[in-house]
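As a basis for the values below, the full set of heavy atoms in this structure was taken, side chains included, without hydrogen atoms, waters or symmetry mates. Remember, it's 1-based here, ligands and their atoms both numbered in the order they're listed.
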Amino acid sequence: MHRLCILLFVFACVSLSSGVEGIGVNYGLLGNNLPPPAQVINLLKSRNIQNIRIFDPNQDVLKALEGSGILLILGTRNEDLQALASDPSFAKNWILTNVIPHASTVKITYISAGNEVIPGPLATFVLGAMQNLDSALKANNLNIPVTTAISLGVLGTSYPPSNGAFSGDAVQFLQPIAQFLATKQYPLLANVYTYFAYSGTPAQIQLDYALLKSTAPIVSDGQFQYNNLFDATVDSLYAALEKVGQSAVEIVVTETGWPSAGDVYATIDNAQTYVNNLVSHVASGQGTPKRPGKVLQTYIFALFNENQKPAGTEENFGLFYPNMTEVYHVNLTPYQN
Ligand SMILES: *[C@@H]1O[C@H](CO)[C@@H](O)[C@H](O)[C@H]1NC(C)=O
């Protein structure tokens, strides 16, 4: 990657080396007052944000990203999963339309076949969509891993982390998906909202544990000690992967965050604490107790407050207001490991 970008974008490489290792941000577009993509790309660059994720192949965003040096996780729309799975030519066209025109100027790190559809009526199409997209990429000599993004709704059990297991509804889909990912050495994408766990059962979870504030272990699980719910949750997903025989599949956290408004726990102070602690935790490269010493790639949700999402906390996950001023400050300058 670095050698390639030195050849292609000398200036991009200067900034590539200055981002926070492992940290990305979700660029959601469910707002009617968001700035144009070109301005957003400048904002990302000015804040050292080197990795982003988008949820569908928005052509304006893809165009704006060209030559920016910003790395992209590209999602397919959930509505396209059935056609992607059942019709290889639809998948070929999807790659031809959304990837090939940008392939030489935008570095796509992963393609996500859908977002949070397992379990559910679309779950049955995910593996087929992944396979058809993968074949279409290979036919064009593109080596972009194809995967999917899961929610914590796939877990039947998550406590303690070593008990982590996929639910009966989810395992029938995730077992073959994990097998595919293991064979190809592609990661599984996971959306990890400790905020919802905390706000749903605040009497049972210490706030410091949810906000990555505790420096002492709160949960002990066999040989492992957990200071924070984020690591415990990721490790429960690793335990679930182990139980379907796929301990080699890596997890990339495609969403995590804390809303700054919308309920009593969603304060600017809590959001700022969570996100800053998360960034420094990820950047430390310590990983989780089950997967120590390895940067856990993690994408913050989200770049902007989005006013077309359901009212309440959902609208208030942004690091920035639509006018591009900060909701709260996040330290995104590189950390010394
Ligand atoms: C940006 O928007 C926020 C939220 O609406 C507001 O509080 C702030 O004053 C605005 N800043 C500027 C510079 O307009």
Cation over ring, R77 on F55, under 6.0 Å and within 45°?
-> no
Distance-only, no hydrogens or angles: does the Q172 side chain make a donor-acceptor pair with backbone N or O of D169 under 3.5 Å?
-> yes
Show the distances, to 0.1 Å, for all pairs joining an N/O atom of ligand 1 and a protein N/O atom that are shorter than 3.5 Å, listing one pair per line.
| residue | atom | partner | partner atom | Å |
| --- | --- | --- | --- | --- |
| ligand 1 | 2 (O) | N323 | OD1 | 3.4 |
| ligand 1 | 2 (O) | N323 | ND2 | 2.3 |
| ligand 1 | 11 (N) | N323 | ND2 | 2.9 |
| ligand 1 | 14 (O) | N323 | ND2 | 3.2 |

Under 3.5 Å side-chain donor-acceptor pair for N191 and N115 | yes
With a 4.5 Å heavy-atom cut-off, do E315 and N305 have their side chains touching?
-> no
Result for ring pair (Phe, Tyr, Trp, His ring centres under 6.0 Å) between Y193 and one of F317, F230, Y198, Y274 points to F317
May I ask you to decide if K290's main-chain N or O and D235's side chain share a donor-acceptor pair within less than 3.5 Å?
-> yes
